[in-house]
Number of protein chains: 2
Amino acid sequence: MSFLSHLSSIISVSDSLQTELNSVTKQITVSKNQSIINIGHRCNDIYFVEKGLLRGYYLEEGKEITNWFAQEGEFGTCFYSFVAIKPSFETIQSLEDCILTQLPYSSLQNLYIKFPETERLGRIITETYYIKLEERLLSIQFKTAKERYQNFVLSKSSLLQRTSLGQIASYLGITQETLSRIRAEI
Amino acid sequence: MSFLSHLSSIISVSDSLQTELNSVTKQITVSKNQSIINIGHRCNDIYFVEKGLLRGYYLEEGKEITNWFAQEGEFGTCFYSFVAIKPSFETIQSLEDCILTQLPYSSLQNLYIKFPETERLGRIITETYYIKLEERLLSIQFKTAKERYQNFVLSKSSLLQRTSLGQIASYLGITQETLSRIRAEI
DNA sequence: GTAAATTTTTGACAATTATCAAAAAAGAAA
DNA sequence: TTTCTTTTTTGATAATTGTCAAAAATTTAC
């Protein structure tokens, strides 16, 4: 699903805003295993995944901890860095060849001013991602490793073939050895 | 800090919006240990805490798991129920006598339409809460129980005297016995 | 196609945290 | 105060998950 049709599925997007969006966004292609943003740098853009798969990860005692995956039709960015204008604590990496729609922070802020309907889009999208994050927090807080994995299989089955065991394990907050054993016993 | 001055600290709020806010919100007082919203019911309002302390909790195998605290100057609601218009999975309870500013869902939706600046407020507030939630997720995912408690002491010290050990423990994703032992050894 | 590198699996063991039960302490009510 | 109720602490034990190490399997690169 393209960026514009994704937005249009949330609220109706005026022609003038569509035109403006086309002019301020950039379609970029990124090949597999590239780092788009590195830890410590400002994440100045939000990326909408047209095709491919992104992940965000941070380092904890030298190990990569996957914080999120963004597949087709989803946004990827270091939210904290982007919104708070601070250095990113995570690296954004392409797990596949990607086509991304890139929207810079300053363009978004201009859109917010020039097209108030964008505020509504921003609010609704943020609300949606908040609810997803809350769900994940509850799952990590009081489900066993096995339950979390089973839930992942149900809700993100499309990622099973596209990501490594280690990436999924750290996303679920468990070690890869434990996830390997969970897989073996199911 | 009052509801209006809290909003004004985010963006400048027009006089007409201030007037409207005064007319659509209601100041309510709630005595200690009351359930404002119960699990299974729609949470139709968002509450701004003028005075006192709220918490949201859900049940996991019969046990109360604290999902959030809202103290003076913070919002409390079952975000999922409020935004998605679904039954609440959590109960909102007053931990102290409270003065709350109550804003109903329908009034907020009207404000979004009538005063576009409200959209900006809604977006920015949601962004802020998203970042806090993400921080909490990272903390739960890869910190030990002791580290999480120490972080709680640093960032929420004002709650230490106002909440019970069991409430804090479940908020941190640990049992109260474990938290009691952590406290003993520090 | 073969070698090298990476990822996954398996084993042995350790650490953290949970569970269950009961005692102690603190707070609320009469 | 005195009793009752709730919360917190402590002890013994169990379960879950992590750590370290090495082997097996898979993927990548030449």
**Q** Taking the ring of Tyr129(B) and the ring of Tyr130(A), is the distance between their centroids below 6.0 Å?
**A**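 Not close enough - the centres of the two rings lie 6.0 Å or further apart.
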**Q** For nucleotides 8-27 of chain D, just jot down a letter per nucleotide in 5' to 3' order: B, S or -, based on protein non-hydrogen atoms under 4.0 Å.
**A** BBBBB----SSBB-------
**Q** In terms of relative ring orientation, are Phe75(B) and Phe3(B) parallel, tilted or perpendicular, with 30° and 60° separating the classes?
**A**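 Taking Phe3(B) first and then Phe75(B), their aromatic rings stand perpendicular (interplane angle over 60°).
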**Q** How many Å lie between CG on Asn33(B) and P on dG27(C), as a whole number?
**A**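 From Asn33(B) CG to dG27(C) P: 15 Å.
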**Q** In terms of heavy-atom contacts, does CD of Glu135(B) have more than 12 from other residues, nucleotides or ligands at under 6.0 Å?
**A**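 It does not: Glu135(B) CD has 12 such atoms or fewer within range.
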**Q** Would you kindly give the CD-to-P distance between Glu64(A) and dT6(C), to the nearest whole Å?
**A**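 Taking CD of Glu64(A) and P of dT6(C), I get 12 Å after rounding.
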**Q** When the ring planes of His6(B) and Phe48(B) are compared, do they come out parallel, tilted or perpendicular, using 30° and 60° as the limits?
**A**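 Judged by the thresholds at 30° and 60°, the geometry between His6(B) and Phe48(B) is tilted.
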**Q** Under 30°, 30 to 60°, or over 60°: which ring-plane class applies to Tyr171(B) and Phe69(B), parallel, tilted or perpendicular?
**A**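 Geometry flag for Phe69(B) against Tyr171(B): tilted rings.
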